[in-house]
Amino acid sequence: MSSTKELLYMKKTLDASSNVIWNEMKKIKESSDEIKINIRRRWIWELIQNASDCTTNNRKVDINISYKNKTLIFSHNGLPFTYENLLDLITQISSKQSSPEEKTGKFGTGFMSTHLLSEVVKLQGPFICDDSKIVNMNFLVNRTGSEYDEFRENTKKMLDSLEELNNSLPDKDFVLEETKFIYSIEENGEINKAVQEGIEELEDIIPLILTFNKNINSITCNGNQFKIAEEKNLLSKDNYKIKKVKVDNKGEINDQNALLVVDDGVVEIACFYKFDSLSNIANLLPISEKSAKLFCRFPLIGTEKFSFPIFMNSKLFEVELDRDGIRDNNEINLGLIKRGVSLYEKFLDFVSNEKFSDHFNICHIGSQ
């Protein structure tokens, strides 16, 4: 039997969790239009981040996104949910900061942005119980509730369902192989627009995602699979290398949207280029005004006007809680930016002496 102190601790934990989630849901519903736009752009990156965390050192993850018949299904073949993972998702009290593992997601509050699509999410896939047995999971994450007490009660019911799942018996016939997040999309113009724009933005920068994130093997969007087909070093020095990256889409290598990357092992900078076979010249392409410029393996939505002319990535960036920027006065970030500037100088030297054109496209620096 639980002691009085344990019961009080459980009540306080439930209250703290419910307060965090309640405020995040109010933020999604009641924020200004500008903030809502960024939230609408975040949902797809939060799901991909968490999928990329579900990997081991010797295996990459394959991601599949399907949207049809008012249903969005996001699935991956990475590591299954554990008791702690699902507890993190339900309570939004993440162990990410205390974990020695390198994690960018781990079901922090960023996952809440996916509830813009639906307040109820169905989870399916394998589940590893506390005693290491594996069972099939069919779990509802329910964030409905117009009043706080109703909302808190739904959170408590999810915790009770988690205990039932943890104590369930293994399925005798089979165990599901993929983890799925299933969202039923209502007839809502804003939500449908968010889904479409999220998928379109992903497809626009998939080469960056596959290059900056070594955990992902492939991404499939509505049947179109993308994976790195060619990664070739063009120049190697003691402290950096320059390489080109091309992506395979449905068996075809894309020469029209290839990447030129400069990498020193800590910071990467990159831009898109388009190869013209007639002139044998590569045309450097500008960055869209809608694209984030800074990446911490994934785009930091909100850095579109950052004063750097091409993309910059580092997994070591100290990012804001909402992953909408980096802390400007953080010493680690300042050091990383300086490394990026140094790589940019080397990048300019390289493209000036090789068969590249349209250099002006990689020299625009904003006013901020």
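FYI, side chains are in, hydrogens and waters are out, and symmetry mates aren't considered; it's all heavy atoms of this structure. Owing to the predicted nature of the structure, the values given are computational and were not obtained by experimental measurement.
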Side chains of [X] and [Y]: do they bring a donor and an acceptor to under 3.5 Å?
| X | Y | answer |
| --- | --- | --- |
| E268 | Y240 | no |
| N217 | D62 | yes |
| Y273 | D358 | no |
| T144 | N142 | yes |

### Message
Determine whether S342 and K346 satisfy the following criterion, side-chain hydrogen bond (donor to acceptor under 3.5 Å, both in side chains), listing intermediate values before the conclusion.
### Response
CA-CA 7 Å; S342 177; K346 297 175 173 60; 3.1 Å; yes
State, yes or no, whether a side-chain contact exists between [X] and [Y] at a heavy-atom distance under 4.5 Å.
| X | Y | value |
| --- | --- | --- |
| F356 | N283 | no |
| I242 | V262 | yes |
| I287 | I310 | yes |
| E177 | N77 | no |
| F127 | Y83 | yes |
| I191 | Y183 | no |
| C54 | H76 | yes |

Shortest non-hydrogen separation from [X] to [Y] and the atoms involved:
| X | Y | value |
| --- | --- | --- |
| A270 | V261 | CB-CG2, 4.0 Å |
| V120 | S118 | O-OG, 2.7 Å |
| A292 | P299 | CB-CB, 3.8 Å |
| I134 | P170 | O-CB, 3.7 Å |
| E46 | F111 | OE1-N, 3.9 Å |
| A229 | D248 | CB-CB, 3.5 Å |

Looking at [X] and [Y], would you say the former's side chain and the latter's main chain have a donor-acceptor pair under 3.5 Å?
| X | Y | result |
| --- | --- | --- |
| N215 | S52 | yes |
| R323 | C296 | yes |
| N154 | R143 | no |
| N333 | R327 | yes |
| T303 | K293 | yes |
| S18 | D15 | no |
| N85 | T82 | yes |
| Q92 | L89 | yes |
| N353 | D349 | yes |
| N233 | L235 | no |

More than 12 heavy atoms of other residues, nucleotides or ligands under 6.0 Å from [atom1] of [X]: yes or no?
| X | atom1 | value |
| --- | --- | --- |
| K214 | NZ | yes |
| E163 | CD | yes |
| E150 | CD | yes |
| E318 | CD | yes |
| N329 | CG | no |

Any link between [X] and [Y] through a network of hydrophobic side chains (Ile, Leu, Val, Met, Phe, Trp, Tyr) touching at under 4.5 Å?
| X | Y | value |
| --- | --- | --- |
| I332 | V319 | yes |
| L316 | L334 | no |
| L79 | L86 | no |
| F317 | V266 | yes |
| V247 | L234 | yes |

Rounded to the nearest 0.5 Å, what separates atom [atom1] in [X] from atom [atom2] in [Y]?
| X | Y | atom1 | atom2 | answer |
| --- | --- | --- | --- | --- |
| S17 | L159 | OG | CG | 7.0 Å |
| I206 | C221 | CD1 | SG | 4.5 Å |
| D263 | L343 | CG | CG | 8.0 Å |
| T179 | N50 | OG1 | CG | 11.5 Å |
| L284 | F272 | CG | CZ | 12.5 Å |
| I21 | H115 | CD1 | NE2 | 8.0 Å |

### Task
Please lay out, stage by stage, how D264 and N239 fare under the test side-chain contact (heavy atoms from CB on, under 4.5 Å).
CA-CA 6 Å; D264 71 356; N239 57 350; 5.8 Å; no
### Task
Measure the acute angle between the ring planes of Y344 and F347, then classify it against the limits of 30° and 60° as parallel, tilted or perpendicular.
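If you compare the ring of Y344 with that of F347, the planes turn out parallel.
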### Message
Using 30° and 60° as the class boundaries, would you call the ring planes of F295 and F311 parallel, tilted or perpendicular?
### Response
perpendicular
### Query
Should I228 and T211 be marked as a side-chain contact (heavy atoms from CB on, under 4.5 Å) after you check the CA-CA gap, both sets of side-chain angles, and the distance that decides it?
CA-CA 8 Å; I228 290 180; T211 300; 4.3 Å; yes
### Task
Could you identify which residues cluster with I73, counting Ile, Leu, Val, Met, Phe, Trp and Tyr as linked when any side-chain heavy atoms lie under 4.5 Å apart, either directly or through a chain of such contacts?
I182
### Task
Mind running side-chain contact (heavy atoms from CB on, under 4.5 Å) on L162 and L87 for me, showing each step along the way?
CA-CA 8 Å; L162 172 60; L87 183 62; 4.0 Å; yes
### Task
Determine the sole option in F181, W43, Y67 for which the side-chain contact (heavy atoms from CB on, under 4.5 Å) test with F74 is passed.
F181
## Note on the structure
Partner of V195 under side-chain contact (heavy atoms from CB on, under 4.5 Å), picked from I65, I185, L116, is I185
### Query
Thinking salt bridges, do E197 and K290 make one under a 4.0 Å N-O criterion?
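No, no charged N to carboxylate O under 4.0 Å.
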#### Entry: Under-4.0 Å salt bridge between E230 and K244
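Yes, E230 and K244 are salt-bridged.
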### Task
With side-chain contact (heavy atoms from CB on, under 4.5 Å) as the test, would you mind laying out the steps for L300 and F306 before giving the verdict?
CA-CA 11 Å; L300 302 181; F306 186 80; over 6 Å; no
### Query
What pairs of residues pass the salt bridge (charged side-chain N to carboxylate O under 4.0 Å, His left out) test when at least one of them lies in residues 118-131, not counting sequence neighbours?
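Matches after skipping sequence neighbours: K29-E119, D131-K133.
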